[in-house]
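Lettering follows sequence order; numbering is per chain, from 1. For clarity, every value in this text was computed on a predicted model and none was experimentally measured.
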Amino acid sequence: MLTPTDIACETLIAPAALRESDLDKVMDQVLSTTIDAADIYFESSRRESWVLEDGIIKEGSYSIEQGVGIRAISGEKTGFAYTDEIHLPSLLEAGKTARAITQGGNGSGVRIQGSVAPRHYYGAINPLDSLTEAQKIDLLRRIDKEAREQDPRVSQVITSLVAVHDVVLVVDSDGRMTGDVRPLVRCNVHVIVEQGDKREQGSSGGGARQEFQFFIDENRALGYAREAVRQALVNLEAVGAPAGTMPVVLGPGWPGVLLHEAIGHGLEGDFNRKGTSAFSGRLGDKVAAEGCTVVDDGTLTGRCGSLSVDDEGTPGQYTVLIENGILKGYMQDRLNARLMGTHSTGNGRRESFAHLPMPRMTNTYMLAGKHDPEEIIASVDKGLYAVNFGGGQVDITSGKFVFSASEAYMIENGKVTHPVKGATLIGNGPDVLTRVGMVGNDLELDSGVGTCGKEGQSVPVGVGQPTLRVDELTVGGTEA
Amino acid sequence: MQDMREKQSGMEQMVENLLKEAKNQGASSAEAVVSSDTGLSVTARMGEVETIEHTRDQGLWITVYFGHRKGSSSTSDLSADAVKDAVRAACNIARYTTEDPYAGLADPELMVKEIPELDLYHPWDIEVNQAIEKAIECEAAARNLDPRISNSEGASLNTQNGLQIYGNSHGVIGGYPSSSHSLSCAVVGQEGDSMQRDYWYTAARAVDALESAVDVGRKAGERTLARLGSRRISTREAPVIFQAEVAVSLLRHLIGAISGSALYRHSSFLLNQLGQPVFPDFVRIHENPLLPRGLDSSAFDNDGVATSVKDFVSDGTLRSYVLSAYSARKLGMQTTANAGGVRNLSIVPGDQDFQSLLNSMGTGLLVTEMMGSGLNVVTGDYSRGASGFWVEQGKIQYPVEEITIAGNLKTMYSGLVAVGNDIDPRGSVRTGSWLIDSMTIAGE
């Protein structure tokens, strides 16, 4: 059976008539006496999307992106060039440009040898071919029908299906050549509901490193349709959210975007190496309440954020960030790990061959605690229960972060009462987890909708958490 | 320039080949874009070069119509084989999309006839070493400002030259070579245990319109220092000034809410507002797609339709939606030549400078940065993280952080008290600072 590295070589190297000795030659071109590390990153990515709107298949698109990025590193300096032509003269040219970061003489030769990730967390499949076009369209139509059948107030349904087949091959100056085949499918449902003059929206969706069958199994896609309508109808009844600082209970799963923003970004190696993160120099400190353990886990089977190998050829890993409240580790790529005297945690990621890798999250979540979710809600006299969120953002340096609720309720006297409108929640990363009063026993991961942006680069990620009670968080509603 | 002309005719040929190939494969009409960009980006940090990136991007996009069925594809491979494959992929998709009576090219009589020179191409002939020196100079101006500037995210210089050609089967073909340059700097300040970061940047089509490296660095440093000692404030209602660089987002939200796709989806808080007052009557908001050197200038929109100067809002009343050929047909209207968005949007400033605006507010919040995306475009409900300064009697008192500001955009627009003349010239959407009568601030 072909390994992902074999497939990557067949897809990326063979059509260009490149041999391993050519790769040696390109690497020789990049290396000099003052280059500490270098890599050549081949990528071919195919993406297909379909959109159903107004009950018709309105749009479809297909795109091909391919090319090679070459990076040379000397100390803290990086030289980078890329080309979308996979052929030897272009590679040699890009290698020469990348190497210009330093002035050193020629380095010693490297002999490139194939290597394979020890484990694979998704199949080397092409999800674009996993259903026929007619089957994809049928799936979209069934989702649309399901959404419209939920309630007569549903006025608009927009449904999309996306599949990505990404084949990468990383050749590095240690002589390793590692390939990966990364499938990704996503499905999203967005609805508008109208009742008299009032209108509201709801969204739901999911994704995985799988075939499209994922959405048909367990009727997942139809579930997204029902969920989007449910959220929109809840929001029709919502009144203004409160403004001020109060206890907030966060539901399980996607609200884990809290962890991603509040602490995840602040624990990425680049910010900590440079000392610009509010978490810099704080390894061993207590940064969360007892009972809080947070991990970054690239090894979950089929999850959007999972990686058999990262974009530097390092195998995906399970990294403990916070253990029982104590800060244990950062997420590293090779450059920052080397400069900090540690090793890569398999978090070196890049959007494409045309971007530089940097430390990025994979699937970031908090482990389950011991409390029953009902018990957590019952413990709050007056506060907010937030179960669905849009995106978030963080200022790494001050530690301030936001995330925006799209479905929330008031808790009064230990009971969930009425829905309130969406509101932004704001807090301080280094101390928000010290205010976690209770951790639920209901760990859930998100359904696969997450995309993270950093310095203009987007990558798929996952988040998760059990129900959490944060004793004090600022809720940005309108009702002062 | 000679090189550029040759390149342009080569790319125009490629667009023609794409359109011809689409016809050969049975499409009744088609439109295509070919683009090519090259660039240099350098970053210096702590007085030394950190990254040098050479960028070189190219791509083609094709949309085919079989009657009213549509399919699209794109590729970064511009070889003759890839062109055929891309057209084939688009045609294959169009076999499965549904007949959509509104889909298709814009009407032929609306197509751009002449493509005037808009002065968009001013390449920066800068060597890598000079670029590094400039970035180092910029960062040094920030770091040398004050010992409390303790760390840096670096300064970056970016220069890009590009060429984009559009064509469609009505016979339109054309495009612009363009350049864009920027210089930015972000530094970290420390006071006690707390750190703050802020940045500044300059951007323009031509080098002579950029702020100097020293000015960019100094402003980044000053803005960072001003944030040191930030504190929270209690929850309250107060008037708010959005400083020019954040007020831009309020104009962008307006454009989002009056764009055709939001309207035909009923996904806008400004549904059925054409001819209605949305702002107080002193407000005029207009676009000038033909602005020489403009960051978003073009004589035609993404449908190939000729663009023109127009008002979206005058005397506070909504005068025009933002429509493409498709969204216009869906709404039973005429396109406003805004396929792809608005081009060089601005709000006519009042006569108050920034200090005078602070005086008008008296006591309230000055917002200089916002976080998150807390806008529900269907209802206009607005809630975002903010930082800035507390102001009393027109004077800045102290920096504030970890607060939110909330309201509803519709009432914020009608509650606009004044627009300052402190226009931020860096983007394609231009405004001065906005004073809004009242919002809810959530804090301690």
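Proximity to chain B (any heavy atom under 4.5 Å) is shown, for A/Ala81, by both the backbone and the side chain. Within the 4.5 angstrom heavy-atom criterion, atoms from both the backbone and the side chain of B/Glu50 approach chain A. Only the side chain of A/Glu194 comes within less than 4.5 Å of a heavy atom in chain B; its backbone stays farther off. Within the 4.5 angstrom heavy-atom criterion, atoms from both the backbone and the side chain of B/Thr75 approach chain A. A/Ser277 touches chain B through its backbone: at least one of N, CA, C or O sits under 4.5 Å from a heavy atom, while the side chain does not. Of the atoms belonging to B/Ile403, it is backbone heavy atoms, and not side-chain ones, that fall under 4.5 Å from chain A. With a threshold of 4.5 angstrom between heavy atoms, B/Arg232 approaches chain A through side-chain atoms but not through N, CA, C or O. Only the backbone of B/Ser268 comes within contact range of chain A, with heavy atoms under 4.5 Å apart. For chain B, the nearby part of A/Ile137 is the side chain; its heavy atoms alone come within less than 4.5 Å. With a 4.5 angstrom heavy-atom cutoff, B/Arg384 touches chain A only via backbone atoms. With a 4.5 angstrom heavy-atom cutoff, B/Ser267 touches chain A via backbone and side-chain atoms both. Only the backbone of A/Val475 comes within less than 4.5 Å of a heavy atom in chain B; its side chain stays farther off. Heavy atoms closer than 4.5 Å to chain A are found in the backbone of B/Glu99, but not in its side chain. In this structure, the portion of B/Asp381 lying under 4.5 Å from any heavy atom of chain A is its side chain and not its backbone. Using a 4.5 Å cut-off between heavy atoms, B/Asn92 contacts chain A through its side chain alone, with no backbone atom that close. With a 4.5 angstrom heavy-atom cutoff, B/Arg69 does not touch chain A via any of its atoms. The part of A/Lys421 that comes within reach of chain B is its side chain, from C-beta onward, which places non-hydrogen atoms under 4.5 angstrom from that chain. Both the backbone and the side chain of A/Thr83 come within contact range of chain B, each with at least one heavy atom under 4.5 Å from a heavy atom of that chain. Contacts of B/Ser152 with chain A are made by backbone atoms alone, with heavy-atom separations under 4.5 Å and no side-chain atom involved. Residue A/Asn235: no heavy atom, backbone or side chain, is found under 4.5 Å from chain B. Looking at A/Ile158, only its side chain comes within 4.5 Å of chain B, counting heavy atoms on both sides. For A/Ser63, the parts lying under 4.5 angstrom from a heavy atom of chain B are both the backbone and the side chain. Of the atoms belonging to A/Ile192, it is side-chain heavy atoms, and not backbone ones, that fall under 4.5 Å from chain B. At a 4.5 Å heavy-atom cutoff, the contact between A/Glu85 and chain B is made by side-chain atoms alone. Looking at A/Gln156, the atoms closer than 4.5 Å to chain B (heavy atoms on both sides) all sit in the side chain, from C-beta outward. Heavy atoms of B/Val188 lying under 4.5 Å from chain A belong exclusively to its side chain. Of the two parts of A/Glu261, neither the backbone nor the side chain holds a non-hydrogen atom closer than 4.5 Å to a non-hydrogen atom of chain B.
Chain B forms the most heavy-atom pairs under 4.5 Å with one residue out of A/Phe401, A/Phe271, A/Tyr62, A/Trp50, and that residue is A/Tyr62. Note on A/Gly275, A/Gly422, A/Gly75, A/Ala241: by heavy-atom pairs under 4.5 Å with chain B, the leading option is A/Gly275. Looking only at heavy-atom pairs under 4.5 Å with chain B, the residue among A/Gly427, A/Ser155, A/Ala98, A/Gly391 that has the most is A/Gly427.
Taking the six-membered ring where tryptophan is involved, the planes of B/Tyr326 and B/Tyr102 are perpendicular, since the angle between them exceeds 60° and thus also 30°. Note: A/Phe80 and A/Tyr82 have tilted aromatic rings, judged against thresholds of 30 and 60 degrees for the angle between ring planes.
With B/Tyr264 as the aromatic partner, B/Lys330 meets the cation-pi criteria of under 6.0 angstrom to the ring centre and within 45 degrees of the ring axis.
No more than 12 heavy atoms of other residues, nucleotides or ligands sit less than 6.0 Å from atom NZ of A/Lys96. For CD of B/Glu48, the number of neighbouring non-hydrogen atoms (other residues, nucleotides, ligands) closer than 6.0 Å is 12 at most. Atom OH of B/Tyr96 has more than 12 neighbouring heavy atoms from other residues, nucleotides or ligands inside a 6.0 Å radius.
One finds no salt bridge joining A/Arg46 and A/Glu65 here, because no Lys/Arg side-chain nitrogen approaches an Asp/Glu carboxylate oxygen to under 4.0 Å.
In this model, no donor atom of one side chain and acceptor atom of the other lie less than 3.5 Å apart for A/Thr245 and A/Glu472. For the residue pair A/Ser61 / A/Ser49, a side-chain donor-acceptor distance below 3.5 Å is found, with atom types taken as modelled. With no hydrogens or angles considered, a side-chain donor-acceptor pair links B/Arg45 and B/Asn151 at under 3.5 Å. B/Asp77 and B/Gln58 share no side-chain donor-acceptor pair at under 3.5 Å. Using modelled atom types, one finds no donor on one side chain facing an acceptor on the other under 3.5 Å when comparing B/Gln196 with B/Glu191.
At least one side-chain heavy atom of B/Met46 sits under 4.5 Å from a side-chain heavy atom of B/Arg143. Within the 4.5 Å cutoff, the side chain of A/Thr474 has no heavy atoms near those of the A/Leu425 side chain.
Of the options A/His190, A/Glu53, A/Gln201, a side chain to side chain donor-acceptor pair (under 3.5 Å) to B/Arg265 is made by A/Glu53 and by none of the others.
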Next item on the list: Begin from the C-alpha positions of A/Arg273 and A/Glu76 and carry the test salt bridge (Lys or Arg N to Asp or Glu O under 4.0 Å) through to its verdict.
Entry: CA-CA 10 Å; A/Arg273 192 249 307 165; A/Glu76 295 185 43; 2.9 Å; yes
